Number of protein chains: 2
Amino acid sequence: MTYCYEYPHPAVTTDIIVFTVQKGRLKILLIKRAREPFKDTWALPGGFMKMDEDACDCALRELEEETGLKDVYLEQLYTFSTVNRDPRERVISIAYFTLTPSEAITLKPDTDAAEAAWFDMQDLPNLAFDHGEILEMATERLSAKMTYSTIGLQFMPAKFTLSNLQNVYEATANKPLDKRNFRKWILSLDLLEETGEKFSDGPQRPAMLYRLKDPNSVDIF
Amino acid sequence: MTYCYEYPHPAVTTDIIVFTVQKGRLKILLIKRAREPFKDTWALPGGFMKMDEDACDCALRELEEETGLKDVYLEQLYTFSTVNRDPRERVISIAYFTLTPSEAITLKPDTDAAEAAWFDMQDLPNLAFDHGEILEMATERLSAKMTYSTIGLQFMPAKFTLSNLQNVYEATANKPLDKRNFRKWILSLDLLEETGEKFSDGPQRPAMLYRLKDPNSVDIF
DNA sequence: TATTATTTGTGTATATTCGACACTATATTA
DNA sequence: TAATATAGTGTCGAATATACACAAATAATA
């Protein structure tokens, strides 16, 4: 079956940058390509858009198919349309990014992806296509949004300590933050509430667990 | 001649929001559609992407073809991909916006556009397709960027007074600004320099004309 | 040529925000 | 019960942002 048009049409894909913070380090999710082109090269998850879905739905579907991740918050990053960015045919890609908690995510690569894994941002492999460029833009955008929005809260699991949260901000900013100032600031935003529960994983004073008052909101300051 | 693919492909267009400030009012450029669908309805300039150009080049080309505007600074806004946003076929649109000085721009509509005109943002007609939604997002983005970048300087002609510039900021913010604070702020950015020339259009003290030190830069604070 | 009208251009004082900084509290483990 | 490790808390000075009023310069007019 072929699909014919009076004028030439590009193929359209989505690519998704999945950020997380593990052990105080910013990481992204990559898949190893199972097919040509760039077979066996690490790449961003993503794939071709279908005619009955919009780009955001496509990104959600591909992300679940290739990595098992679902129900994530997606934000459109940019559309990449350089003429020869794909050796097969003219392909434009609508890139999205998402932030996810670092909790046990069972990665389930499917047929398009031989393997899925988290990579430290400081230790990345060469990426297929122009995915290096896409990732660079995503990283800049993430850094920027961390400073002028509440997007960073999307990294958090259901319950977390203020130290957990500070670690996330330190990982994305790549610098240490003052504990008292950080707590003053984040609490002044009035987005967190105490759960009443406490948590400790060592010989120390346990920390109050907090949760988001409104888990799905992202606000601009 | 037809173009055939193994899988269905969407058509790809660009749409461009052109902002300017005239007499202290924020305006945008619209064209009246010369063809179906939405014949005789006002719409954003734009059109189908060719296979040998990227989306930004397409936007620049369409803008010049439909309005005569060229050499503008374009910024990608968002990609709109709702399934039925165009009645003809599946079309996704990569939207760009640009800011241009209000100086005499000779609008030269071509065959795709019957007419091109500036519209006050407070007095807009109904727009074709989902262009109303696109414009709404562009307006929000412009307002936001005016506050955290130097994008506003793109509205200015080669030479301008500080009062001209303040008018631009007041038009986009939709509120009056304090003259002394505005001047202190804009001069502290170290982006302007005096031309030495003065300008007056009435029975009053003439104002110093300034120019941009670096006309093409857009900085984030 | 003096007066009027109109816009330009300038400084200070106050309020608010940001940033630096150190010790006590509380639990676990040895 | 002593040692260890992280949690949790407040103040002061610096920097920044905000509010606010009048003299200067020119063109038009009387």
Side-chain angles (χ1 to χ4, degrees), chain A residues 21-25 102 143-144 146-150 152 156-157 159-211 219-221, chain B residues 21 23-24 102 144 146-150 152 156-157 159-171 173-211 219-221:
Chain A
V21 176
Q22 289 174 357
K23 296 180 185 155
R25 309 282 302 169
S102 61
S143 300
M146 288 295 290
T147 69
Y148 70 80
S149 81
T150 62
M156 306 317 290
K159 299 173 185 176
F160 54 88
T161 68
L162 295 186
S163 293
N164 296 154
L165 186 54
Q166 185 174 341
N167 285 340
V168 161
Y169 275 84
E170 288 175 331
T172 55
N174 237 320
K175 67 177 180 194
L177 300 173
D178 178 83
K179 188 200 272 196
R180 281 173 290 192
N181 291 341
F182 176 78
R183 289 155 105 95
K184 241 184 305 180
W185 171 71
I186 199 75
L187 292 174
S188 77
L189 298 178
D190 195 33
L191 298 166
L192 307 183
E193 61 188 7
E194 298 186 352
T195 61
E197 296 172 70
K198 299 203 166 190
F199 173 80
S200 171
D201 63 351
Q204 70 241 200
R205 176 172 175 176
M208 175 60 69
L209 285 165
Y210 286 79
R211 67 174 151 248
D219 294 321
I220 306 294
F221 302 142
Chain B
V21 176
K23 296 180 186 157
S102 61
M146 289 295 289
T147 69
Y148 69 81
S149 81
T150 62
M156 307 316 291
K159 298 173 186 176
F160 54 89
T161 68
L162 295 186
S163 293
N164 295 155
L165 186 54
Q166 184 173 343
N167 285 340
V168 161
Y169 275 84
E170 289 175 330
N174 238 321
K175 66 178 182 194
L177 300 172
D178 179 84
K179 187 200 273 195
R180 278 173 291 192
N181 292 339
F182 177 78
R183 286 163 181 247
K184 241 184 302 180
W185 169 72
I186 198 76
L187 292 174
S188 76
L189 299 178
D190 195 32
L191 298 167
L192 306 183
E193 61 188 8
E194 298 186 350
T195 61
E197 295 172 72
K198 300 204 167 190
F199 173 80
S200 172
D201 63 351
Q204 69 240 199
R205 177 172 174 177
M208 174 61 69
L209 286 165
Y210 287 79
R211 66 174 151 249
D219 294 320
I220 306 294
F221 303 142

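In what follows, chains are A, B, ... by sequence order, proteins preceding strands, each numbered from 1. Keep in mind the model is a prediction, meaning the values are calculated, not measured.
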Practice prompt. Could you list the residues that satisfy salt bridge (Lys or Arg N to Asp or Glu O under 4.0 Å) with A:R205, not counting sequence neighbours?
Written response: none
Discussion item. Using modelled atom types and a 3.5 Å cut-off, is there a donor and acceptor pairing between side-chain atoms of A:T150 and backbone atoms of A:D219?
Written reply: yes
Worksheet item: the helix from C:dT1-D:dA30 to C:dA30-D:dT1: angle between its terminal axes, five pairs each, to 10°?
Response: 0°
Fill in: Under 3.5 Å donor-acceptor pair, B:R205 side-chain atoms to D:dT26 base atoms
no
Discussion item. According to ring pair (Phe, Tyr, Trp, His ring centres under 6.0 Å), who are the partners of B:Y148, at least two apart in sequence or on a separate chain?
Written reply: A:Y148
Discussion item. Please report the interatomic distance CG(A:L209) to NZ(A:K198), rounded to the nearest 0.5 Å.
Written reply: 10.0 Å
Worksheet item: Rounded to the Å, how far apart are B:D178 CG and C:dA13 P?
Response: 16 Å
Practice prompt. Tell me which nucleotide among D:dG8, D:dG10, C:dT10 gets nearest to the side chain of A:A207.
Written response: D:dG8
Worksheet item: Nearest-Å distance, CD (A:Q204) to P (C:dA27)?
Response: 12 Å
Worksheet item: What is the distance from NZ of B:K179 to C1' of C:dT6, rounded to the nearest Å?
Response: 10 Å
Item to complete: Mind checking the CZ-OG spacing from B:F199 to B:S163? Nearest 0.5 Å is all I need.
Response: 11.0 Å
Practice prompt. Specify the closest pair of heavy atoms between B:L177 and B:Q166, including all atoms of both residues, with the distance to one decimal.
Written response: O-NE2, 2.9 Å
Fill in: For A:R180, salt bridge (Lys or Arg N to Asp or Glu O under 4.0 Å) partners two or more places apart
none
Discussion item. Using the ring centroid of each side chain, check whether A:F182 and A:Y169 are separated by less than 6.0 Å.
Written reply: yes
Under 3.5 Å, which donor-acceptor pairs do the side chains of residues 184-191 of chain A form with other protein atoms, sequence neighbours left out?
unit_1, atom_1, unit_2, atom_2, d
A:K184, NZ, A:N181, OD1, 3.2
A:S188, OG, A:W185, O, 2.6
A:D190, OD1, A:K213, NZ, 2.6

Worksheet item: In residues 163-174 of chain A, what residues come within less than 4.0 Å of DNA chain D, judged by heavy atoms?
Response: A:S163
Response to the item:
Contacts of B:E193 meeting side-chain hydrogen bond (donor to acceptor under 3.5 Å, both in side chains) (sequence neighbours excluded), chain-then-number -> B:R211
Discussion item. With a 3.5 Å cut-off and heavy atoms only, can you find an N or O donor on one side and an acceptor on the other between the side chain of B:N181 and the base of D:dA17?
Written reply: no
Worksheet entry | Partner residues of B:D201 under the salt bridge (Lys or Arg N to Asp or Glu O under 4.0 Å) criterion, sequence neighbours left out | none
Item to complete: Can you tell me the distance, in whole Å, between the CG atom of A:L209 and the P atom of D:dT6?
Response: 17 Å
Worksheet, complete the sentence: The correct set of residues in residues 183-200 of chain B placing a heavy atom under 4.0 Å from DNA chain D is B:K184
Worksheet item: By side-chain hydrogen bond (donor to acceptor under 3.5 Å, both in side chains), which residues pair with A:N167, not counting sequence neighbours?
Response: none
Response to the item:
B:D201 CG to C:dT8 C1', in whole Å, measures 12 Å
Worksheet item: What residues form a salt bridge (Lys or Arg N to Asp or Glu O under 4.0 Å) with B:E170, not counting sequence neighbours?
Response: none
Expected rows: protein N/O vs nucleotides 28-30 of chain D N/O, under 3.5 Å:
none

